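Because the structure is predicted, anything quoted here is derived from the model rather than measured.
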Amino acid sequence: RQTEGLALAPDHALWQLARTRNLRLFINTTYDDYLLKTLKRVRNHKVETINYTLNRKWSTKPDAELFRRLEAGECSLVFNIYGSAARSLAPAYTEKDILETIVAFQKDMETDRHNMFFQALERSNLLFMGCRYHDWLFRFFIRTMSNKSYSTRKGASNRQFIGDDFPSFPCGDLRRFLMAHGTEVFYSRENVELAARLFKEIEANETKY
């Protein structure tokens with residue numbers, strides 16, 4: 001309710017992401033509904049939401065029809081991994097809550113092999129943006145989302161993970177960890193936010209073809 005009536009400026013990073021239409025599956029690590037509202041305003045198709053919380057797990061179980069529509073560009077999906085404050089679903093506010101949620105999500109990913117959402121993650125390239133976690137928590141989050149062990153062999157994974165703004169990220173050995181585990185660190189130079197740079201590059205490629 002605290003965000004009710006508030007709106008983001010059209011040049012905000014979320015607007016840039018919403019205008020990048022090739023991005024359709026979003027894992028939201030915040031508790032507000034800014035991303036959902038922005039997608040609904042910018043895109044001309046339906047925006048589905050799934051909330052994941054410790055006390056309720058999946059608010060809506062993902063099915064094959066949802067991902068058929070997603071891959072066909074008929075909808076977008078916002079997955080609120082820590083719940084939603086707007087929907088009063090007891091979101092994970094504290095570091096302890098966040099850690100317990102990630103652990104529960106990891107266990108579900110390992111045991112529920114028929115889950116369409118987990119299958120979509122496994123065949124996707126993941127782009128991590130704006131996760132201001134502590135070094136160890138960000139490592140654990142990335143390891144869980146990518147569903148691969150810390151000791152992968154070089155070249156064993158076909159997925160690539162891209163981060164941003166790590167020179168100003170106070171995370172000790174995080175960059176070295178990422179580089180050692182199949183993650184390309186992207187530096188958004190020229191004082192341009194990654195979302196704006198991404199939108200510009202994808203828009204240029206779509207114009208070419």
Can you say whether the rings of Phe141 and Tyr82 are parallel (under 30°), tilted (30 to 60°) or perpendicular (over 60°)?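 It falls in the tilted class, 30° to 60°.
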Kindly say whether Leu23 contributes a backbone atom to a donor-acceptor pair with the side chain of Thr20 at under 3.5 angstrom?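 The answer is no, because no donor-acceptor pair under 3.5 Å joins these two groups.
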Under a 3.5 Å distance rule, please check whether Arg113 uses its side chain to pair with a backbone N or O of Met109 as donor and acceptor.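 Judged by distance alone, yes, a pair lies under 3.5 Å.
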How long is the span from the [atom1] atom in [X] to the [atom2] atom in [Y], to the nearest 0.5 Å?
X     : Y     : atom1 : atom2 : value
Phe26 : Leu17 : CZ    : CG    : 6.0 Å
Glu74 : Arg24 : CD    : CZ    : 10.0 Å
Leu25 : Cys75 : CG    : SG    : 10.0 Å

Please walk me through it: do Gln119 and Phe67 pass side-chain contact (heavy atoms from CB on, under 4.5 Å)? CA-CA 10 Å; Gln119 292 175 13; Phe67 282 94; over 6 Å; no
Steps toward side-chain contact (heavy atoms from CB on, under 4.5 Å) verdict (Asn80, Leu36): CA-CA 10 Å; Asn80 296 312; Leu36 177 63; over 6 Å; no
Would Trp15 and Arg41 count as a side-chain contact (heavy atoms from CB on, under 4.5 Å) here? Give the steps. CA-CA 9 Å; Trp15 275 82; Arg41 290 189 65 181; 4.1 Å; yes
Begin from the C-alpha positions of Lys37 and Leu14 and carry the test side-chain contact (heavy atoms from CB on, under 4.5 Å) through to its verdict. CA-CA 10 Å; Lys37 287 182 176 179; Leu14 287 184; over 6 Å; no
Carboxylate-amine/guanidinium contact [X] [Y], below 4.0 Å:
X      : Y     : answer
Arg68  : Glu65 : yes
Arg123 : Glu71 : yes
Lys40  : Asp33 : no

State, to 0.1 Å, how close Ile81 and Thr101 come at their nearest heavy-atom pair, and which atoms those are.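 Heavy atoms of Ile81 and Thr101 come nearest at O-CG2, 3.3 Å.
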Going by the rule ring pair (Phe, Tyr, Trp, His ring centres under 6.0 Å), which residues pair with Phe105 if we only count those two or more places apart in sequence or in a different chain?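 Ring pair (Phe, Tyr, Trp, His ring centres under 6.0 Å) list for Phe105, sorted by chain: Tyr52, Phe79, Phe118.
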Close side-chain approach of Lys61 to Asn115, heavy-atom, < 4.5 Å: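 In contact.
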Less than 4.5 Å apart, side chain to side chain, heavy atoms only: is that true for Glu48 and Leu70?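 Contact flag for Glu48/Leu70 side chains = no.
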